[in-house]
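One structure below.
Note that these values count all heavy atoms, side chains included, but never hydrogens, waters or copies made by symmetry.
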Amino acid sequence: AVNMIFYGADQVKIMKQAAEFGLKKQSKILCSWSGLDMLKEMGAEVAEGAYFGVQAWHEVDTPVAKHVVAKYRAKYKETPGYQAMSYYTITKLLFDQMEKAGAAEPESLIPRLAGLEFDGPTGKEMFRKWDHQNQKPFFLMRGKPKSAMKDPDDFLELVATEAIYPTQAENPCRLA
């Protein structure tokens, strides 16, 4: 197996080269972190059969993902990537907490967000109290054959989902 840790334009280029040189026929390929914009750029033929780690995906069956995708498509006439879904979610969370706190200063918001559990684009998510890490499911997906795509943005099928985060005791990073 080959793990591609490239992101953005570099991921697109290395995946196209891997397909051109036949690496997909010799080995399983994993791109640790990817998104819709990169998949559109590399194309279904290049993505087919490769594995991709994805932060959020527009076809995941959660209320927030459905809501954001519908609003985004209505306004921009395209499917949002994980960035748009994430930005929408964090902006809404911040505004909701500002309204509840009656303030916008970080000193007022940080305690409200630390430990907050909420519905996000991946399902149930939470900002961990001790390091403010957003704990959420991460998706392992596989590139579909072009013939199996229902629409131009239907590049991937879900293989597995998991939320694995080290505990505070297991984490060597000590935050002040």
- Is the count of non-hydrogen atoms from other residues, nucleotides or ligands lying under 6.0 Å from Glu59 atom CD greater than 12?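 Yes, CD of Glu59 has more than 12 neighbouring heavy atoms, counting only those of other groups under 6.0 Å.
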- Task: Step through the shown structure and confirm whether more than 12 heavy atoms of other residues, nucleotides or ligands are within 6.0 Å of CD1 on Ile90.
- Result: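 Result for CD1/Ile90: enclosed.
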Could you work out, with side-chain hydrogen bond (donor to acceptor under 3.5 Å, both in side chains) as the rule, every residue matching [X], not counting sequence neighbours?
X: Lys16; answer: none
X: Asp10; answer: none
X: Lys24; answer: none
X: Thr62; answer: none

- Task: Answer yes if the side chains of His58 and Tyr72 hold a donor-acceptor pair under 3.5 Å, and no otherwise.
- Result: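 No pair is found: no donor N or O on one side chain lies under 3.5 Å from an acceptor on the other.
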Side-chain contact test, heavy atoms from C-beta onward, threshold under 4.5 Å: evaluate it for [X] versus [Y] and give yes or no.
X: Phe118; Y: Thr89; value: yes
X: Phe155; Y: Met149; value: yes
X: Leu140; Y: Thr161; value: no
X: Ile5; Y: Asn3; value: yes

Any residue meeting salt bridge (Lys or Arg N to Asp or Glu O under 4.0 Å) with [X], in chain and number order, not counting sequence neighbours:
X: Lys28; answer: none
X: Asp151; answer: none
X: Glu45; answer: Lys146

- Check: Asn134 main-chain N/O paired with Tyr165 side-chain donor or acceptor under 3.5 Å: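 Between the backbone of Asn134 and the side chain of Tyr165 there is a qualifying donor-acceptor contact (under 3.5 Å).
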- Item | Contacts of Phe6 that satisfy ring-ring contact (aromatic ring centres under 6.0 Å, His included) - sequence neighbours left out |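 Phe6: no ring-ring contact (aromatic ring centres under 6.0 Å, His included) contacts found.
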- Item | Partners passing ring-ring contact (aromatic ring centres under 6.0 Å, His included) against Phe21 (at least two apart in sequence or in another chain) |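 Listed in chain order: nothing, the list is empty.
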- Query: In the single-linkage hydrophobic clustering (I, L, V, M, F, W, Y; side-chain heavy atoms under 4.5 Å), do Val46 and Leu23 co-cluster?
  - Reply: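 They do share one cluster, since a chain of ILVMFWY contacts under 4.5 Å joins Val46 to Leu23.
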- Sequence neighbours left out, what pairs pass salt bridge (charged side-chain N to carboxylate O under 4.0 Å, His left out) with at least one residue falling in residues 98-114?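 Every candidate salt bridge (charged side-chain N to carboxylate O under 4.0 Å, His left out) pair involving residues 98-114 fails, so no pair, neighbours aside, qualifies.
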- Sequence neighbours excluded - salt bridge (charged side-chain N to carboxylate O under 4.0 Å, His left out) pairs with any residue from residues 63-80: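 Output for this query lists Asp61-Lys66.
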- Please report the C-alpha distance between Ser86 and Gln55 in whole Å, then the side-chain angles of each, then the deciding distance to 0.1 Å, and finally whether the side-chain hydrogen bond (donor to acceptor under 3.5 Å, both in side chains) criterion is met. CA-CA 9 Å; Ser86 296; Gln55 291 281 333; over 6 Å; no
- Query: Other than Ile110, what residues sit in its cluster of Ile, Leu, Val, Met, Phe, Trp and Tyr side chains whose heavy atoms are under 4.5 Å apart, directly or through others?
  - Reply: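 In the cluster with Ile110 there is nothing else; it is isolated.
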- Task: Anything under 30° is parallel, anything over 60° is perpendicular, the rest tilted; go ahead and classify Tyr7 against Tyr82.
- Result: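 Tyr7 and Tyr82: perpendicular rings.
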